[in-house]
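Accompanying notes for the structure given below.
Below, read A as the first sequence line, B as the second, and so on, with proteins coming before strands; counting in each chain starts at 1.
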Amino acid sequence: MIINRRNMLGGSAAVIGASMLPRVAFAAGGIGSKRLVFVLQRGAADGLGIIAPVGDPNYASLRGMLAEDYADAPLIGGLFALHPALERSAEMFASGEMMAVHAVASTYRDRSHFDGQNVLESGGTRPYERKDGWLNRLVGMLPDAQASGIAIAQNIPLALQGSHKAGSYAPSRLPDAADDYMRRVGQLYMGDERLHMLWEKSLATRAMAEGMNGSGNMRQAADVGALAARMLSGEDGARIAMIETNGWDTHNGQRQRLGRELRNLDTMIDALKSGMGDLWADTLVIVATEFGRTASINGTNGTDHGTGSATLLYGGSLGGGKVLGDWPGLRQSDLYQARDLKPTSALEDVIASTSASHFTLDPKLVRETLFPGR
Amino acid sequence: MDSHSWSIAATRFGYGHRPSAAPAGSPKAWLRQQIDDYDSRPVALADLPDSQLIARQFGAFRKLRNDDEDTKRTARRALRSHLRDAIGARIELAVHTSSPFAERLVHFWANHFAISTEKQGAGPLAGSFEAEVIRPHIFGRFSDMLKAVESHPAMLIYLDQAQSIGPNSRRGQAAAQRGRRRAGLNENLAREILELHTLGVRSGYTQSDVTEFAKALTGHTVPVLRRGRNTGEREGADRTYAFVGQLHEPGSKTVLGTTYREEGAREAIRILDDLAAHPATAKHIATKLARHFSTDEPAASLVNRLEETFLKTGGDLRAVTLSLIDAPEVWQTKRQKFLTPWEWSIASLRAIDTDQFEAMQARRVMINLGQDLWKPGSPAGFDDKASAWAAPEALHRRVEAAQTFGRRGSRFDARTLGPLLYDDAWSKNSATAVARAESPAQAMALMLASPEAMWR
């Protein structure tokens, strides 16, 4: 059977544009009560593992044992299945509070975490072109002069750095000091391929040796979600929040590691939703990563740095429950450089369109401000 | 762009800068100056006992057969302290030296002529071995270093030469008549001289060459290990080395096609001189030096250049070293050598530039990182390839050790230290990570764990 990929996506053939974007219902408070949360998945999250194209005839053979996780997963949008660790997300998908855009990538086309994150966060066209971040510029576009952004982190990440009001907040130690140091070392090695591989392997081995079940991390994830909600829901609360997540660089042992990170993400967003209460209807969550991972499983039951990934959107008035994007297919000839999911939607477009729609701002202006030169 | 950058001079040729004493000027001139100013007897090592003293103590200890345990324990402890003191002094010197290139060469040659403290008797002598037969020769003739090394008690003990007896020597014949099994030829030293110290493995020598060379070596021994008469027990006699004719295998020996006539102690010396001048030795030494200072698989052009200098100058290590400094291949900017635990620990201690870290603490760090000084576990010495050290768990431990060092070095600002220590190699990536650190100590730890600190 030949899959007509466009049909699989419910007839949406165009690259994502304003017409395809979620219709956001305007709540009583109008613009004034709108909130946006940007969740950055540092380390190149595997879009093909998060929203798995299980209906694509090439998927199972490319993915080997990684495909086994979806054996019992229900199909969504005809072609896809959500990773089973995304339990609450699946419920939100069913109720229209979640959606995904597949085969997405920023303008960056090389495979360095550091450069890729820099492009994604700064909104520049090249690494280190800009010193401020698109999220900060979005703060500046909000009509409320008092609007501010907040990062749930020790330091303000690049995406939220800039001339507009932004701060960061983290409980005294988030997570504990040793973990924080190790996480920073991980960042340090993202520019060094050899050290990066060694580092990932050592972390995986240590995690296995310590029998980490992730319960501590899940509690932490819930704390982060609840904290973000508190920071966003106060009278003078921030309008825009940023949360950084790590551990997506699954070069080996992906089944265990991706499952753990997705459970954390799922828990964190569920806690955010609970914490927002009524404001959830005015909240948009964008979950994105710097680039995707290889279409094929590698020799160590993981995947390597790739290109196209998936972007997740959450929100009480999202009108979700669908997977958007132009599915490029997974035949060898369909892949980008014969190895990666070919990006068919620009991450910058997804961010600019959804943000403009959410805050009812001029889409063209938002795009030019957040991602100039694009 | 200046291809002779300080970042390369400091890390590839040295042990990194100390912030309080970073040199200036031309990197190449700095390296050459270290050759001209070389002091083979650094003050920092002046208090260490020489091999004569240690051998005398060792001899006395061996006679304590029927003494009480306390006396034995005290003597054993005294011997052990020599190794600890020598390790401490070597670390201190490496951390504080203003001639790190010369120290690197000392350590390179000591690893080329590796002994291991695992061998009973070799440990207490390890420091004296390096001081007495390596340091004096690093800018001298290779043949002189070779002959000095092969007659030092640490090597004679480590590679079993002290026990080797010619089967047809007077002692050998006497032992055979008494039916003693252990008395006989030991080929260990002869084999390792050919395989590791001179020609190199698979360079064409045969088992017969090994055996014949081993016969020629018989009689070269450590007097203090031998009991009975004429073994240097007289006051003032050399306790560390002697040629004992009664152990020497008579007759001529043929090694690598050359027949050496019966000449007692001279035989081994003549063979060593010939081995030192052999083209295979030149190639072997050139390859190891090139590998150590450039990449795991050094460029043939670099090996050829060093090899030619070695052959042309009759193994003049000063000339070979100058040739190394002038070779463009060692100045290429890509960093491909992963620092060994020793190198990384010394570089870290130099970077934090503190007196608050004791040498024995540093030694414990090195042991934890998988490299205990003078204990390579094999006569081949510590591996000099990146793949031997760049492993996941090893890296993890190093990252943890960086925290330990970082806490002691937090009086410095790593943000300004990075560009000073690593010069043009200090990357934006690392600078960002360091700048974002939550504390000065964490910034220092991140700097010491950075790729710039791991590769040279």
- Engaged part of Ala402(B) at the chain A interface, taking heavy atoms whose separation is under 4.5 Å: both
- Item | Structural part of Thr432(B) lying under 4.5 Å from a heavy atom of chain A | side chain
- Okay, Ala391(B) and chain A: the region with an atom under 4.5 Å from a heavy atom over there is backbone
- Message: Does Glu193(A) have more than 12 heavy atoms from other residues, nucleotides or ligands lying within 6.0 Å of its CD?
- Response: no
- Please name the pair of heavy atoms, one in Val399(B) and one in Val185(A), separated by the smallest distance, quoted to 0.1 Å. CG1-CG2, 3.7 Å
- Task: Specify the closest pair of heavy atoms between His396(B) and Leu203(A), including all atoms of both residues, with the distance to one decimal.
- Result: CE1-CD2, 3.6 Å
- Heavy-atom donor-acceptor pair, Arg184(A) side chain to Arg436(B) backbone, under 3.5 Å: yes
- Does NZ in Lys337(B) sit with more than 12 non-hydrogen atoms of other residues, nucleotides or ligands closer than 6.0 Å? yes
- Under 4.5 Å to a heavy atom of chain A? For Arg398(B) that would be neither
- Can you tell me how far NE2 of His196(A) sits from CG of Leu395(B), rounded to the nearest 0.5 angstrom? 12.0 Å
- Separation of Lys428(B) NZ from Tyr128(A) OH (nearest 0.5 Å): 7.0 Å
- Message: With a sphere of 6.0 Å drawn around CZ of Arg415(B), does it hold more than 12 non-hydrogen atoms of other residues, nucleotides or ligands?
- Response: no
- Message: Can you confirm whether more than 12 heavy atoms, excluding those of Arg109(A), are under 6.0 Å from its CZ atom?
- Response: yes
- If you look at every heavy atom in Tyr181(A) and Gln442(B), which pair is closest and at what distance? CA-NE2, 3.7 Å
- Kindly give the heavy-atom pair with the smallest separation between Leu195(A) and Pro451(B), and that separation in Å. CD1-CA, 3.6 Å
- Does CD belonging to Glu129(A) count more than 12 external heavy atoms closer than 6.0 Å? yes
- State, to 0.1 Å, how close Pro392(B) and Ser202(A) come at their nearest heavy-atom pair, and which atoms those are. O-CB, 3.2 Å
- Query: Under the side-chain contact (heavy atoms from CB on, under 4.5 Å) criterion, do Glu400(B) and Met182(A) qualify, and how do the steps go?
  - Reply: CA-CA 9 Å; Glu400(B) 288 170 339; Met182(A) 294 298 170; 3.7 Å; yes
- Message: Would Arg194(A) and Trp455(B) count as a side-chain contact (heavy atoms from CB on, under 4.5 Å) here? Give the steps.
- Response: CA-CA 11 Å; Arg194(A) 295 166 296 187; Trp455(B) 302 99; 3.5 Å; yes
- Task: Mind ranking Ser450(B), Ala433(B), Ser430(B) by heavy-atom pairs under 4.5 Å with chain A and telling me who comes out on top?
- Result: Ser450(B)
